[in-house]
Amino acid sequence: MPAYANLAWAEVLLERRSEAAATLQRAVARHLEFPDFIVLRCCFAFLDRDDAAMARAAAMGTASSGVEDWMAHQQAAVLAHAGRLREARTMTRQAVALALQSGGRERAALYEAGSAVRESLRGAARQAATDALALSTARDVEYGAALALALAGEAPRARTPADDLEARFPDDTLVRFIDLPTLRALVDLQAGGAVLAVDRLQLAVPRDLAFQGGSFGSFGSLYTAYVRGLAWMAADKAPEAAGEFRTVLAHPGLVLQDPVGIAARVQLARALARSGDHSQAAVMYREFLDLFNHADQDVPLLGDARVELARLHPGHNHRSEAK
């Protein structure tokens, strides 16, 4: 059974959605069931924007022993992807409690780390990051907490876990070529070092599409490209930035519910607007506003996107598009 699950996950990550569904169907035809299959159905539904299928997968997860916490975490990630961060936080608490009940302390910490990355959308990642590190300082947990803090504008607080990662995992490929360049580049950016951030992230280019282990917590993949895009924007290289954000959006199977997919849409809109392509910028803003149609109204990214879209088309009120 793990072989079917591993193959299906690999096909999802490689953007082979139909092949992944066929692999899962072969397993079902042989009357095989595995916890990953339920989560895979949830991911398929998310990629297809199929709310009914999502509800069915959630119900299966709730009723299946051994997958309840993972499914609650998946539901939290889906809610956050729609901007419903308060509901997502409540669901994360449920996922953490369920994981702890079954002795999954590191799993619970990953859920908290994933929540912290999502909370960075509102600049309020500190509490979830602290909660994650209180449960575990495993590699992916520590990276997630540091990433969340750096994305939320708290670069000085991100330095300590980043330094610890460097000291504890000097030969780890993910840490050396993905985690640390991403974290250090975010610190550089907040210190005004856009060119330094771009240079630092060149090391990660061959590994931009690497699967990030933190994806169990629904975070981590393609942040090298995303942060490089932020650095290009800060360096006044909007076309180069747009290319990086397009790289993120071109791999939905790798990103899944990671908030980087949401943030990249807005950043691509900004890069296109700065490049003078107002028509395509408006398309990207509207895509984001459609995804955030039922979002919490206090998410800064939502308010910023409305204002920026209105500037592209003065005199037209776009507020209703996000209600």
Side-chain angles (χ1 to χ4, degrees), residues 69-70 72-74 76-77 80-81 85 88-97 99-100 104-170 172-191 197 200-201 204 210-224 226-227 230 255-263:
D69 61 304
W70 194 2
H73 167 65
Q74 287 290 314
H81 195 271
L85 294 174
R89 186 64 189 153
T90 298
M91 190 61 70
T92 292
R93 292 193 189 101
Q94 181 178 331
V96 168
L100 291 174
R105 192 175 180 86
E106 185 175 334
R107 230 170 38 247
L110 278 169
Y111 299 155
E112 284 286 11
S115 178
V117 174
R118 297 192 294 268
E119 287 292 326
S120 70
L121 288 175
R122 68 162 94 244
R126 186 185 303 179
Q127 187 58 57
T130 300
D131 291 346
L133 293 172
L135 287 167
S136 172
T137 56
R139 182 196 67 181
D140 294 335
V141 175
E142 198 159 41
Y143 171 59
L147 179 64
L149 291 167
L151 289 169
E154 299 195 41
R157 289 181 178 272
R159 283 197 184 98
T160 298
D163 290 345
D164 190 54
L165 282 170
E166 187 170 31
R168 291 169 56 208
F169 303 100
D172 187 292
T173 299
L174 283 175
V175 171
R176 287 180 61 196
F177 298 109
I178 297 178
D179 298 358
L180 287 175
T182 301
L183 295 173
R184 302 298 192 205
L186 283 166
V187 172
D188 294 337
L189 274 175
Q190 289 175 41
R200 195 186 294 279
L201 282 164
F211 173 70
Q212 171 57 263
S215 291
F216 191 95
S218 293
F219 65 85
S221 296
L222 280 163
Y223 277 88
T224 49
Y226 176 74
V227 176
L230 296 181
V255 171
L256 289 175
Q257 305 100 332
D258 192 312
V260 75
I262 283 291

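Just so you know, these numbers come straight off a predicted model, no measurement behind them.
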Shortest non-hydrogen separation from [X] to [Y] and the atoms involved:
| X | Y | value |
| --- | --- | --- |
| Ala72 | Met91 | O-CG, 2.9 Å |
| Leu135 | Glu112 | CD1-CG, 4.1 Å |
| Arg105 | Ala134 | NH2-O, 3.4 Å |
| Ser115 | Arg89 | OG-NH1, 2.8 Å |
| Ala158 | Ala146 | CB-O, 3.5 Å |
| Val96 | Ala108 | CG2-O, 3.7 Å |

Between [Y] and [X], is there a side-chain heavy-atom distance shorter than 4.5 Å?
| X | Y | value |
| --- | --- | --- |
| Val227 | Leu201 | yes |
| Leu147 | Leu186 | yes |
| Val175 | Glu166 | no |

Note to self: Please enumerate all residues that pass side chain to side chain contact (heavy atoms under 4.5 Å, CB included) together with Phe177, with sequence neighbours excluded.
What the structure shows: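 Result, side chain to side chain contact (heavy atoms under 4.5 Å, CB included) vs Phe177: Thr173, Leu203, Arg207.
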Next item on the list: Report the residues that fulfil side chain to side chain contact (heavy atoms under 4.5 Å, CB included) with Arg176, sequence neighbours left out, ordered by chain and then residue number.
Entry: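 Side chain to side chain contact (heavy atoms under 4.5 Å, CB included) list for Arg176, sorted by chain: empty.
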If only atom types and distance count, is the side chain of [X] paired as donor or acceptor with the main-chain N or O of [Y] below 3.5 Å?
| X | Y | answer |
| --- | --- | --- |
| Gln257 | Ala77 | no |
| Glu106 | Ser136 | no |
| Ser221 | Gln212 | yes |
| Thr182 | Ile178 | yes |
| Thr92 | Ala88 | yes |

Notebook entry, point to check: Mind checking whether Phe219 and Tyr143 have parallel, tilted or perpendicular rings, split at 30° and 60°?
Noted result: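 Because their plane-to-plane angle lies in the 30° to 60° range, the rings of Phe219 and Tyr143 count as tilted.
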Note to self: As a quick check of understanding, evaluate salt bridge (charged side-chain N to carboxylate O under 4.0 Å, His left out) for Arg168 and Asp164, giving each step before the final call.
What the structure shows: CA-CA 6 Å; Arg168 291 169 56 208; Asp164 190 54; 3.1 Å; yes
Item checked: Val117 and Tyr223: CA distance, side-chain angles, deciding distance, side-chain contact (heavy atoms from CB on, under 4.5 Å) verdict -> CA-CA 11 Å; Val117 174; Tyr223 277 88; 3.4 Å; yes
Next item on the list: Would you please test Leu165 and Leu183 for side-chain contact (heavy atoms from CB on, under 4.5 Å) and show each step?
Entry: CA-CA 11 Å; Leu165 282 170; Leu183 295 173; 4.2 Å; yes
Note to self: I'd like to know whether Leu174 forms a side-chain contact (heavy atoms from CB on, under 4.5 Å) with Phe169, so could you lay out the CA-CA distance, the side-chain angles of the two residues, the decisive distance to 0.1 Å, and finally the verdict.
What the structure shows: CA-CA 9 Å; Leu174 283 175; Phe169 303 100; over 6 Å; no
Next item on the list: Starting at CZ of Arg157, measure out to OG1 of Thr130 and round the result to the nearest 0.5 Å.
Entry: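 OG1 of Thr130 is found 7.0 Å from CZ of Arg157.
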Margin query: Once rounded to the nearest 0.5 Å, what's the spacing between atom CG of Asp172 and atom CG of Asp179?
Written below: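 Rounded to the nearest 0.5 Å, the CG-CG separation comes to 7.5 Å.
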